[in-house]
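Treat the numbers as computed from the prediction; the structure is a model and nothing was measured. Labels below follow one simple rule: chain letters A, B, ... track the order of the sequence lines, proteins then strands, and each chain is numbered from 1.
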2 protein chains.
Amino acid sequence: MSSELTRILLAEDQGMMRGALALLLGLEEDMEIVAQVGSGDDILPQALRTRPDIALLDIELPGRSGLDAAADLRVRLPECRVLILTTFGRPGYLRRAMEAGASGFLVKDGPVEDLAAAIRRVLAGERVIDPALAAAALSAGPNPLTQRERDVLSAAVDGATVVDIAAKVHLSPATVRNYLSAAIGKTGTRNRMEAVRAARQNGWL
Amino acid sequence: MSSELTRILLAEDQGMMRGALALLLGLEEDMEIVAQVGSGDDILPQALRTRPDIALLDIELPGRSGLDAAADLRVRLPECRVLILTTFGRPGYLRRAMEAGASGFLVKDGPVEDLAAAIRRVLAGERVIDPALAAAALSAGPNPLTQRERDVLSAAVDGATVVDIAAKVHLSPATVRNYLSAAIGKTGTRNRMEAVRAARQNGWL
DNA sequence: GGACGCCCATGACATTTGTCTTCCCCCGCC
DNA sequence: GGCGGGGGAAGACAAATGTCATGGGCGTCC
């Protein structure tokens with residue numbers, strides 16, 4: 001009877017990965033994929049429609065990010081557990097995931113068997129987090145960048161010049177340079193490219 | 001009897017993806033995974049040991065790239081077909097894959113069903129290439145960057161300064177700036193960050 | 001042999017970037 | 001009212017970056 005199957009929502013942008021995971025989990029006796037989405041914007045609507053027990057969310061999605069969607073679910077569908085499934089084990093991601101109320105955080109590097117196991121553990125009320133990653137997240141400390149610094153740094157990816165950034169963020173070029181300088185200082189780097197890289201690495205963007 | 005099963009080598013660095021695809025293909029009646037590797041350096045040795053009919057290769061792998069490995073296989077195991085399976089449908093990648101003797105080029109965006117279908121078509125002697133991608137590769141033209149320009153640009157990723165690059169490539173700082181300038185000119189961009197991005201985008205690195 | 005293209009290197013120059021100091025305005029707080 | 005603090009802006013300055021012209025060496029192709 002269907003009430004015994006755990007209902008799963010799967011959000012993942014890469015079609016092949018999504019399909020493969022869906023097929024895989026479909027093979028498990030006690031699981032059922034009730035929704036597959038490839039965009040972050042579809043997560044909440046589909047979740048509200050299909051009422052899954054657990055949502056498997058990638059972080060980097062077109063549209064709304066998986067972390068934002070996790071926060072949405074926390075509010076609008078609190079009985080639905082969230083398991084973040086991501087390529088990048090970035091400390092800041094893990095931190096934000098926990099703050100958004102996720103019950104687990106899994107990187108795609110591990111073996112597939114981990115996935116079903118993690119789902120079962122989350123359903124049982126456990127929190128699933130890679131210990132090494134948790135340590136890294138704690139030792140890295142919280143995000144040192146202010147909102148504006150993040151804005152400016154985000155706008156600085158892929159080579160925008162100071163005036164470009166200024167236009168994008170509606171600030172004076174002089175101010176932009178000040179924020180960039182601050183971000184460079186806080187990340188302990190030597191220029192904006194390194195700063196962007198460091199911030200990305202830590203999941204601070 | 002085992003001689004009727006197509007023998008497959010699977011090279012993919014992301015553990016979960018690799019495992020999922022392996023399980024999936026294992027479900028097909030006529031296919032058999034004879035080797036799974038997560039590093040580009042393992043491809044050739046494993047292929048020589050297990051003699052697959054077809055190798056499924058990701059491009060961006062630790063160690064030797066999938067494209068390099070494809071070239072290796074062409075020489076050392078010519079009866080083994082190569083199907084490139086990649087996240088990024090970059091024109092330059094496709095071009096290089098064809099030059100390396102690949103029989104097919106598949107992006108991971110599509111549905112999983114495409115994979116088994118592509119394998120069968122390749123085995124049947126067809127070439128499998130996404131038509132839109134082929135058009136893009138042709139319209140983009142060949143890689144305009146010289147070897148040195150590529151070297152310098154590659155060394156310039158993630159914010160290395162001119163002296164850093166010079167040290168890495170064993171060139172004079174002044175020369176490095178010349179090459180960077182040339183690369184910026186050829187890519188039609190305004191600075192090295194944009195040049196790196198553009199070159200990456202096109203698969204010219 | 002000459003033309004061409006790539007490689008490597010310099011020097012000069014204009015522009016952009018990164019740093020620091022100072023200033024104004026607004027808000028919250030004692 | 002006085003006092004700080006943060007956001008935004010500006011100016012001045014040094015350092016890094018991007019451009020250009022020039023020159024030499026080397027290999028290939030006509």
Side-chain angles (χ1 to χ4, degrees), chain A residues 92 99 141-202 204-205, chain B residues 67-68 71 91-92 95-96 99 140-205:
Chain A
E99 285 166 7
N143 189 337
L145 301 174
T146 77
Q147 181 59 46
R148 273 291 178 284
E149 286 159 358
R150 281 198 299 272
D151 294 345
V152 169
L153 215 51
S154 302
V157 297
D158 48 58
T161 166
V162 172
V163 265
D164 294 345
I165 306 175
K168 218 177 303 184
V169 223
H170 308 297
L171 283 178
S172 152
T175 309
V176 167
R177 290 175 42 188
N178 290 337
Y179 282 123
L180 281 175
S181 187
I184 291 168
K186 288 185 182 177
T187 50
T189 51
R190 293 175 301 171
N191 53 50
R192 51 179 96 175
M193 236 167 148
E194 283 192 359
V196 165
R197 180 172 174 66
R200 272 250 185 81
Q201 187 82 16
N202 286 303
W204 290 339
L205 283 196
Chain B
L67 292 173
D68 296 336
R95 180 178 296 264
R96 283 200 271 159
E99 285 165 5
N143 189 338
L145 301 175
T146 77
Q147 181 60 46
R148 273 291 178 278
E149 285 160 359
R150 281 198 298 273
D151 293 344
V152 169
L153 214 51
S154 302
V157 296
D158 47 58
T161 166
V162 173
V163 265
D164 294 346
I165 305 174
K168 218 176 307 184
V169 221
H170 307 295
L171 283 179
S172 151
T175 309
V176 168
R177 297 207 301 172
N178 288 336
Y179 283 125
L180 282 175
S181 187
I184 291 169
K186 288 184 180 176
T187 50
T189 51
R190 294 174 301 170
N191 52 50
R192 53 179 95 175
M193 236 166 148
E194 283 192 359
V196 165
R197 181 173 172 66
R200 272 250 186 81
Q201 188 82 16
N202 286 304
W204 289 340
L205 283 196

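On a pure distance criterion of 3.5 Å, a polar donor-acceptor pair joins the side chain of A:R177 and the base of C:dT19. For B:N178 and C:dC7, a side-chain-to-base donor-acceptor distance below 3.5 Å is absent, hydrogens and geometry of angles not being considered. A:N191 contributes no side-chain N or O that forms a donor-acceptor pair with the base of C:dT16 under 3.5 Å.
Atom CZ in A:R190 sits about 17 Å away from atom C1' in D:dA14, given to the nearest Å. Summarising the geometry, the separation between CG on A:D164 and C1' on C:dT16 is reported as 12 Å, rounded to the nearest angstrom. The OH atom of A:Y179 sits 18 Å away from the C1' atom of C:dT17 (whole-angstrom rounding). Atom P of nucleotide C:dC7 and atom NE2 of B:H170 are separated by 16 Å, given to the nearest angstrom. One can place CD1 of B:I184 at 10 Å from C1' of D:dT19, the figure rounded to the nearest angstrom. Rounded to an integer number of Å, the gap from CD of A:E194 to C1' of C:dT17 is 14 Å. The interatomic distance linking B:M193 (CE) with C:dT16 (C1') rounds to 14 Å, in whole Å. One interatomic measurement links the two molecules: CZ of A:R192 to P of D:dA16, which rounds to 15 Å at whole-angstrom precision.
Atom-to-atom distance recorded for B:D151:CG and B:K168:NZ is 11.5 Å, nearest 0.5 angstrom. If you take CZ on B:R192 and OG1 on B:T187, they are separated by 12.5 Å, rounding to the nearest 0.5 Å. Note: A:T146 OG1 to A:Y179 OH = 6.0 Å, rounded to the nearest 0.5 Å.
Residue A:T175 places none of its side-chain N or O atoms closer than 4.0 Å to OP1 or OP2 of D:dG8. Regarding contacts with the backbone of C:dT17, a side-chain N or O of A:T161 is found under 4.0 angstrom from either OP1 or OP2.
Residues B:A195 and B:L153 approach most closely at O-CD2, 4.0 Å, considering heavy atoms. Closest heavy-atom contact between B:A160 and B:A155: CB-O, 3.5 Å.
Backbone-only contact: A:S172 has heavy atoms under 4.0 Å from sugar-phosphate atoms and none from a base. Looking at heavy-atom distances under 4.0 Å, A:T146 makes no contact with the nucleic acid at all. B:R148 comes within 4.0 angstrom of sugar-phosphate atoms only, judged by non-hydrogen atoms across all strands, and of no base.
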